Amino acid sequence: MHHSLKHSPALVLGALLLVGAAQAAEYPTHPINMVVPFSAGGPTDNVARSLAEAMRPTLGQPVIVENKGGAGGTIGTTQVARAKPDGYSLLLMHIGFSTAPSLYKNPGYDPKTSFQPIGLVVDVPMTIIARSDFPANNIKELVEYIKKNKEKVSLANAGIGAASQLCGTMFTQAIGADLLTIPYKGTAPAMNDLLGKQVDILCDQTTNTTQHIKAGTVKAYAVTSKERVSTLPDLPTMQESGFKDFEVGIWHGMWVPAGTPKPVTDKLVTALQTGLANPDFQKRMAGLGATVLTSEANPDALAKKVAQQVPQWEDMFKKAGLQPQ
Ligand code: ASP
């Protein structure tokens, strides 16, 4: 009797829960990994590295960015979905989190059940750009040129499920041109090839394109936000350019694997919110044309966003006749 009481399952479970709670209370005791599912030096990486720095004071541990590009972001996203739910594996991903599940038969994760959301981070407009010597000086000329030279024009993107692929597809569908697309592991290498004049056009986030547009090393035609971006005031919106319903913002969010203990996610939410309020972070994001989503930096807002976006894009792709691969 005495013996069996000592080892009762309830007591063992209780002891395990206490150990778990103690670990969660101490969290974090070592550096945290933040997966960016695209190449280093690109738009998502730019946001992630600024955010990692801004979250450090609250966490008291460094946040190390790991770039895991490929398959439009689904490889890195899946890596975090399968990671240990202990708060040491974060995912910084964007709108592609909710488009990829409709574009792949098996994206590797379920947007509703594989993750615990932490919060929204930033919203970033996209810009349609071309190599600096591309023979079109405004969007009207761009459309005319593409229509006349469909077989010659190449479109770079970061693979199926990436923001650049979403925007590029919206654009080519709108003008009825099915272009040769060149996929990369992120838009950092795509931009390199654009600067090297190896590819012709790219639709990429202002968090990567602003510096090149300002320096004149690429040609820029339009921005995909509803309003013009204050950092690029001369760039017309797609809607001003005659693309009536063309509006897309690349929202970014932070997730951890499902099953991460509540004390850990609470700490991450606080670190995210404090990070977004950091003046250096805000200044950097503003300079890159990004809007910081302070009031949506919480799990409920991100869960709501995903629940709304997944069916919306699924519907759009179906209507556009895009089949999952
Ligand atoms: N945002 C991605 C990157 O950081 C590319 C993309 O989504 O198009 O490279």
Side-chain angles (χ1 to χ4, degrees), residues 34-52 65-80 90-104 107-109 111 120-130 154-172 179 181-195 199-213 218 220 223-225 248-255 284-285 288-291 293 306 309 313 317 322:
M34 186 195 276
V35 170
V36 168
F38 298 105
S39 319
T44 313
D45 186 63
N46 278 343
V47 172
R49 283 175 200 268
S50 295
L51 182 61
V65 172
E66 178 190 354
N67 298 93
K68 186 86 187 188
T74 56
I75 291 175
T77 301
T78 301
Q79 176 180 312
V80 180
L90 315 183
L91 171 70
L92 199 282
M93 183 41 175
H94 59 37
I95 193 167
F97 184 91
S98 58
T99 61
S102 307
L103 295 168
Y104 288 92
Y109 66 94
L120 279 147
V121 179
V122 286
D123 191 56
V124 185
M126 303 206 79
T127 45
I128 298 187
I129 61 173
S154 58
L155 171 68
N157 69 29
I160 293 169
S164 46
Q165 187 253 347
L166 179 67
C167 175
T169 306
M170 285 168 72
F171 178 58
T172 52
L179 302 182
T181 58
I182 321 270
Y184 296 82
K185 285 189 175 173
T187 48
M191 180 65 84
N192 280 343
D193 276 6
L194 196 81
L195 294 170
V199 285
D200 297 322
I201 57 175
L202 169 67
C203 184
D204 196 15
Q205 293 143 75
T206 55
T207 36
N208 195 30
T209 61
T210 302
Q211 49 167 328
H212 301 292
I213 295 172
V218 298
V223 63
T224 67
S225 42
V248 62
I250 307 308
W251 56 269
H252 292 56
M254 184 186 286
W255 293 264
R284 277 193 219 176
M285 292 303 108
L288 295 173
T291 304
L293 301 174
V306 171
Q309 291 263 295
W313 289 113
F317 299 147
L322 292 177

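We count ligands from 1, going down the list as the structure has it; atoms in each ligand are counted the same way. On a predicted model such as this, the values are computed, not experimentally measured, just so you know. What's counted below: heavy atoms across the whole structure, side chains too, no hydrogens, waters or symmetry copies.
- With no hydrogens or angles considered, a side-chain donor-acceptor pair links Y184 and D193 at under 3.5 Å.
- On a distance-only criterion, Q165 and ligand 1 share no N/O pair closer than 3.5 Å.
- The only option from I128, I129, V223 that meets the side chain to side chain contact (heavy atoms under 4.5 Å, CB included) definition with T209 turns out to be I129.
- Summary of contacts: the protein heavy atom closest to atom 9 (O) of ligand 1 is T187 N, 2.7 Å.
- What you find for A71 and Y104 is that their closest heavy atoms are O-OH, 3.1 Å.
- Distances below 4.0 Å separate heavy atoms of A158 from the following atoms of ligand 1: 5 (C), 6 (C), 8 (O).
- Looking at ligand 1, you'll find an N or O of T44 within less than 3.5 Å of one of its N or O atoms.
- Here the heavy atom of the protein found nearest to atom 7 (O) of ligand 1 is H94 NE2, 2.7 Å.
- In terms of polar-atom proximity, defined here as any N/O pair under 3.5 Å, A163 does make such a contact with ligand 1.
- Annotation for F38 and H94: closest pair CE1-NE2, 3.4 Å, computed over non-hydrogen atoms.
- Screening N208, T206, T207 for a side chain to side chain donor-acceptor pair (under 3.5 Å) with D204, the sole residue that qualifies is N208.
- Among all non-hydrogen protein atoms, the one lying nearest atom 8 (O) of ligand 1 is S164 OG, 2.5 Å.
- Ligand 1 places these atoms under 4.0 Å from at least one heavy atom of G186: 9 (O).
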(request) Output, in order, the C-alpha distance, side-chain angles, deciding distance and verdict of side chain to side chain contact (heavy atoms under 4.5 Å, CB included) for M254 and L51. (result) CA-CA 10 Å; M254 184 186 286; L51 182 61; 3.5 Å; yes
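- Residue S39 places every heavy atom at 4.0 Å or more from ligand 1.
- Across every non-hydrogen atom of S39 and A188, the tightest pair is CB-CB, 4.3 Å.
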